[in-house]
Number of protein chains: 2
Amino acid sequence: MPVQAKQPDLNIGHRLRAVRTQERLSQRELARRSGVTNGLISQIETNHSSPSVASLKRILDAIPMSLAEFFGPDSEDRGKICFRARELLEIDPRMVFRNAPQAASIALHQVGIGPNRMLQILHERYEPGADTGMEKYSHEGEEGGFVLSGWIELTVGDEVNELGPGDAYLFDSRIPHRFRNLRDEVCVLVSACTPPSF
Amino acid sequence: MPVQAKQPDLNIGHRLRAVRTQERLSQRELARRSGVTNGLISQIETNHSSPSVASLKRILDAIPMSLAEFFGPDSEDRGKICFRARELLEIDPRMVFRNAPQAASIALHQVGIGPNRMLQILHERYEPGADTGMEKYSHEGEEGGFVLSGWIELTVGDEVNELGPGDAYLFDSRIPHRFRNLRDEVCVLVSACTPPSF
DNA sequence: TAACCCCGTTTAAAATAGTAATCAACCTTG
DNA sequence: CAAGGTTGATTACTATTTTAAACGGGGTTA
């Protein structure tokens, strides 16, 4: 039986071993939980066999970890953890919303500084009349938020809604979208996107 | 040859057909570009065969699309975008914080339902004395949040901080962490993590 | 109608993934 | 040191994927 490395670029074996050991599981224990044999896990981790996605899913389900997570990018860096209210990074809205008619009346405060994060959290404040303009489309990922006070009109694709306190949103960043404050009252919200788009 | 559906839950076939047709490619054309046979693509799309990850990768490379993208949230699915305050999904804190001494006094409301999202946004409410317990370590990704009112003690690794209104945090989910409300006042915050861990 | 070109599906053979069992090596504990 | 437990790796054997080549259908053109 010739033994040969099958997928040098797609190192499933290394990744699987990494997640398994991080979970402090033995091959046998993971095999028991996932319903495959320990031999298979050994072969996968040593790249002696390239699993079917069905098998890989069964194994990851026992972690549990999604296939998307498994194939996703390794997060690496660390940095500051806590940020005081006045430490938040103020961001110029005109740098973000290029063609916004009323960008000046938007205040953005970002949690953390590094561009190397997977998650970007913003405190956003929209004065009456504030308008981001229709953003063509940003990068892959998702964007969501939670309205704290006031009202904001959110346009995503051809869907339009006005959200109030306690309301929230979540959408695919690739769809063109726009935020507008139509009311006389300031609107405040907390948003998050992944990965950072600016 | 008995024909049977193999993976009803993990509908690779449907997904692959979706991305292929969106690329305006025929099975044969995609087969030519990826180096597999058109028959295989047909069988995968009809769920008559469950591909190895190696095969799936070869096919996706010809799109091109990463495995993470492929298994990520459906780029096509019509997820809801806006969620009214009372539509938020209430989550049982005991399901999230397994060994929490005071999990019952934590209220969690999630934006969106699907487990297939890249971004999980939560509205969290900690009663006085609430405690998540030290979470051993969750999965890869980042976690961040923004304190709206009250005070919360956040322990990440060996770093301890108490955060108040306007303060925020952001850290690597793999580091053990804990939230505790030491005060007499309710603490409310909005958090986000990527990717979803539950 | 026939001849052609594309499409997606199906079929028998070849290649490979997956199983069950065994192996040697490493800890513990007595 | 020996017994009993664990670990990860390896081996024949079986089940499944994957290939290569057909099949049947729907257009277009002559």
Participant: Taking CG from A/Leu40 and C1' from C/dA17, how many angstroms apart are they, rounded to a whole number?
Facilitator: 8 Å
Participant: Please identify which of these residues, B/Ser49, B/Ser50, B/Pro51, meets the side-chain contact (heavy atoms from CB on, under 4.5 Å) condition with B/Gln43.
Facilitator: B/Ser49
Participant: Please state how far atom CD1 in A/Ile41 lies from atom C1' in D/dT10, giving the value in whole angstrom units.
Facilitator: 16 Å
Participant: Tell me the closest heavy-atom pair linking B/Leu163 and B/Ala168, and the distance in Å.
Facilitator: CD1-O, 3.8 Å
Participant: OP1 or OP2 of D/dT16 less than 4.0 angstrom from a side-chain nitrogen or oxygen of B/Ser49, does that happen here?
Facilitator: no
Participant: Assign each of A/Asn38 and B/Ser52 to its nearest nucleotide of DNA chain C by heavy atoms, then name whichever residue's nucleotide is nearer the 5' end.
Facilitator: B/Ser52
Participant: Would you check if the side chain of A/Asn38 reaches a backbone N or O of A/Ser42 as a donor-acceptor pair within less than 3.5 Å?
Facilitator: no
Participant: Regarding B/Glu23 and B/Arg20, does a basic nitrogen lie under 4.0 Å from an acidic carboxylate oxygen?
Facilitator: no
Participant: So, is A/Thr37 near the phosphate of C/dA20, with a side-chain N or O under 4.0 Å from OP1 or OP2?
Facilitator: no
Participant: Distance check needed: D/dT17 C1' versus B/Arg58 CZ, whole Å only.
Facilitator: 13 Å
Participant: Could you state the atom-to-atom distance from CD1 of A/Ile59 to P of C/dA17 in whole Å?
Facilitator: 13 Å
Participant: Whole angstroms only, please: what is the CG-C1' distance between A/Leu56 and C/dT16?
Facilitator: 17 Å
Participant: Is A/Ser42 close enough to D/dA9 that one of its side-chain N or O atoms is under 4.0 Å from OP1 or OP2 there?
Facilitator: yes
Participant: Under 4.0 Å between a side-chain N or O of A/His48 and OP1 or OP2 of D/dA9?
Facilitator: no
Participant: In whole angstroms, how far is the C1' atom of D/dA20 from the CD atom of B/Gln43?
Facilitator: 12 Å
Participant: Check A/Glu185 against A/Trp151 and note the closest heavy-atom contact, atom names and distance.
Facilitator: OE1-CD1, 4.0 Å
Participant: Can you pull out the residues from residues 26-34 of chain B that lie within a 4.0 Å heavy-atom distance of DNA chain C?
Facilitator: B/Ser26, B/Gln27, B/Arg28
Participant: Starting from C1' on C/dG18, measure out to CD on A/Glu45 and report it in whole angstrom.
Facilitator: 16 Å
Participant: OP1, OP2 of D/dA9 versus side-chain N and O of A/Arg17: anything below 4.0 Å?
Facilitator: yes
Participant: Expressed in angstrom and rounded to an integer, what is the separation of B/Ile44 atom CD1 from C/dT9 atom P?
Facilitator: 12 Å
Participant: Please say whether more than 12 non-hydrogen atoms of neighbouring residues, nucleotides or ligands are located less than 6.0 Å from CZ in A/Arg180.
Facilitator: yes
Participant: Report yes or no: does B/Arg15 contribute a side-chain atom to a donor-acceptor pair with the main-chain N or O of B/Phe70 at less than 3.5 Å?
Facilitator: yes
Participant: Side-chain N or O of B/Arg20 versus OP1/OP2 of C/dG8: is the shortest distance under 4.0 Å?
Facilitator: yes
